[in-house]
Amino acid sequence: MPFNYHIDIERHDREKKAAWSISGQSISFELSSRDDLQELIRRVDSLAIVSGDDAAQLTIGIKLLGDVLLRYRDDEIFADLFPHFATFMKKLKSLPGGDQ
C-alpha cells in the first residue's frame, strides 16, 4: 500500500529572535512512496548518525534523491552517481537498526 505525500517548501526569513515570516514563493509537489516517511525518520534518528532536525532532512533528502536516481539511473547525467548512492544506502542499512 503506497503512502502519498504532499510536499510544500516555503522560504522563511528570520525576523527578531525565533519569529519567522513567510516570504517569497513556495514549491509544492506530490510524492508516492512504498515507505512510511515518518517511520523512516524515526529509524534514522535512532541511528544517531546526525542530530536534531538533521535526521528528518537526511531522510527526506535521501528518499527524494533515491527515487529520482532510480527512475533515471540509465541517463548519462545520473549514471556515475547511482552506484555511489547504492553503496551509501547499503552502508546505511547495514548499521544496527538501519533496516528493521
Side-chain angles (χ1 to χ4, degrees):
M1 173 175 132
F3 295 88
N4 297 304
Y5 299 94
H6 178 87
I7 310 291
D8 285 320
I9 301 172
E10 296 176 339
R11 186 176 66 196
H12 289 256
D13 294 321
R14 180 165 268 194
E15 295 179 346
K16 298 175 187 173
K17 296 207 175 196
W20 293 85
S21 66
I22 298 172
S23 66
Q25 298 179 3
S26 67
I27 300 165
S28 297
F29 57 93
E30 303 294 323
L31 172 66
S32 182
S33 174
R34 64 181 177 84
D35 299 310
D36 178 346
L37 295 182
Q38 292 172 323
E39 179 57 28
L40 287 179
I41 292 168
R42 281 193 276 286
R43 286 170 40 194
V44 169
D45 187 48
S46 73
L47 295 173
I49 55 175
V50 295
S51 60
D53 289 344
D54 291 344
Q57 291 178 33
L58 177 63
T59 304
I60 299 299
I62 287 171
K63 187 63 187 164
L64 294 174
L65 177 60
D67 286 355
V68 171
L69 285 176
L70 283 171
R71 280 196 300 277
Y72 296 97
R73 67 178 166 258
D74 295 327
D75 286 5
E76 183 179 340
I77 192 75
F78 297 109
D80 292 339
L81 181 57
F82 186 77
H84 299 287
F85 184 81
T87 300
F88 172 80
M89 288 304 299
K90 287 177 188 170
K91 190 173 192 177
L92 181 64
K93 289 181 177 184
S94 73
L95 295 172
D99 196 23
Q100 299 171 359

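Residue numbers count from 1 along this sequence. These numbers come from the heavy atoms of this one structure, side chains and all, not from hydrogens, waters or symmetry mates.
- Stacking of Arg73 on the aromatic ring of Phe82 is recorded, both the 6.0 Å distance cut-off and the 45° axial limit being met.
- Sorted pairs that involve residues 74-89 and meet salt bridge (charged side-chain N to carboxylate O under 4.0 Å, His left out), not counting sequence neighbours, are lacking altogether.
- Within the 4.5 Å cutoff, the side chain of Leu64 has no heavy atoms near those of the Val68 side chain.
- Put simply, OH on Tyr5 and CD on Glu30 are 12.5 Å apart, with the number rounded to the nearest 0.5 Å.
- Note that the CG atom of Leu92 and the NZ atom of Lys90 stand 13.0 Å from one another [nearest 0.5 Å].
- Here CG of Leu40 is found 9.5 Å from CD1 of Ile62. Values are rounded to the nearest 0.5 Å.
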Worksheet item: Given Leu37 and Leu31, is the side-chain contact (heavy atoms from CB on, under 4.5 Å) satisfied, shown in steps?
Response: CA-CA 11 Å; Leu37 295 182; Leu31 172 66; 3.9 Å; yes
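- Atom OH of Tyr72 has 12 or fewer heavy atoms from other residues, nucleotides or ligands within 6.0 Å.
- To the nearest 0.5 Å, atom CG of residue Leu69 and atom CE of residue Met89 are 11.0 Å apart.
- Ring orientation note: the planes of Phe85 and Phe88 are tilted relative to one another, at an angle of 30° to 60°.
- Minimum interatomic distance between Leu47 and Pro96 (heavy atoms only, all atoms of both residues): CD2-O, 3.1 Å.
- For Arg71, the CZ atom is densely surrounded, since the number of other residues' heavy atoms within 6.0 Å is greater than 12.
- Listed by first and then second residue, the salt bridge (charged side-chain N to carboxylate O under 4.0 Å, His left out) pairs that reach into residues 49-69 are Asp35-Lys63, Lys63-Asp67, sequence neighbours excluded.
- The structure places CG of Asp45 at 10.5 Å from CG of Leu58, a figure rounded to the nearest 0.5 Å.
- Note that the CZ atom of Arg43 and the CG atom of Leu95 stand 11.5 Å from one another [nearest 0.5 Å].
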